[in-house]
Amino acid sequence: MQQIIITTPDDWHLHFRDGDMLGETVPATARCFARAIVMPNLVPPVVNAKLANEYKARILAARPQGSNFEPLMTLFLTNQTTKQDIIDAKNSGVIAAKLYPAGATTNSAQAVSGIEALYPVFEEMQIQGLLLLVHGEVTESHVDIFDRERVFIDQYMAKIVQAFPELKIVFEHITTSDAAEFVLSSAGNVAATITPQHLLLNRNDLLVGGIKPHNYCLPVLKRSSHQQALRKVVASGSNKFFLGTDSAPHAKHAKENACGCAGCYSAWSALELYTQVFDELDALDKLEGFASFHGADFYGLPRNTGTVRLDKKSWTVPESVILPSGEPIVPFFAGQTVNWEINHA
């Protein structure tokens, strides 16, 4: 197959950041996605409806002229989050709240410690119909970083799912066969997003031949067997899995230092790379469901009506992109060849 046309997709998990980065990150996503779930881990984090609406306004101001791209806003859960915060968020148009275990990823120091203490908040989310988005890793230092997702399932995720059977839960950016199997075995209120990097890469791509900081993300890349498990579930066409890039920009100098930031800035090539994966798996007929239907259906939102055309044509991801400030960002797959290209004609 040399060409594919799919319903315009959505990105159900990404990071725009803030400030001058919005001038780069918003157009990069709006070029091919109609909507995106916007992560709230700013500094300070988006902890209430007022901050969410202010952030949304900044994102809308950065849209390309004529774009109808729609940011879908989320709340950052903390141990100070109240039921009223949830009610106010729902009334203001926020559609989900994000659970970060404290210290799990970028800008998560103010996140949740003692997850069980948030059960009253989860109860209110269940009542209000606000989705729970979960970064599913424990953060205890004694737990091996490659085991943290599996341990989180055992210690927390299974209990949350059991306690709140009517709460829609998205297990974000899953990385292991354990997570895939958990989602498949759970009821219809549990789904998961999968990133391009976790379908394309494994921990060899991070560590062999020297550490590659631009492939470093959290949750960290896992062994090949987990990568293959994720590829298998997307190729199956299961509606429990959908597109979430976790595109996460960091300035080049912040990635390439002694304590490099976690995150892959995939917005420049994400849809094309997903298409490449589905092509490799001989599953292009499953791409539209994964990219365009499953997420919208799970969130209870209408499917998009436009289309995107992709041609089987090689191109090279740029080595860097420049922020309005003049600072460079290295995009995911920088300098590498991608076999599919969006046709904007």
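- For the ring pair (Phe, Tyr, Trp, His ring centres under 6.0 Å) test, no residue two or more places apart in sequence or in another chain qualifies with Y216.
- Salt bridge D85/K83: absent, no basic N to carboxylate O contact under 4.0 Å.
- In this pair, F278 and F290 present their aromatic rings tilted. The plane angle is within the 30 to 60° band.
- Note on ring orientation: taking the six-membered ring where Trp is involved, the planes of F152 and F171 are tilted (angle from 30° to 60°).
- Ring pair H135/Y100 is tilted by interplanar angle, where 30° to 60° counts as tilted.
- Within 6.0 Å of NZ in K252 there are 12 or fewer heavy atoms belonging to other residues, nucleotides or ligands.
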Q: Begin with the C-alpha distance, continue with both residues' side-chain angles, and end with the deciding distance and a verdict on ring-ring contact (aromatic ring centres under 6.0 Å, His included) for H226 and H198.
A: CA-CA 9 Å; H226 293 297; H198 291 106; over 10 Å; no
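- R31 contributes a side-chain N or O that, together with a main-chain N or O of A28, makes up a donor-acceptor pair within less than 3.5 Å.
- Heavy atoms from other residues, nucleotides or ligands lying under 6.0 Å from CD of E54 number more than 12.
- Side chain of T7 to backbone of S292: no donor-acceptor contact under 3.5 angstrom is found.
- Listed for the D10 side chain is a donor-acceptor partner under 3.5 Å among the backbone atoms of R35.
- Checked against the 6.0 Å centroid threshold, W12 and Y299 count as a close aromatic pair.
- Ring-plane geometry between F122 and Y119 is classed as tilted, the angle between the planes lying from 30 to 60 degrees on a 0 to 90 degree scale.
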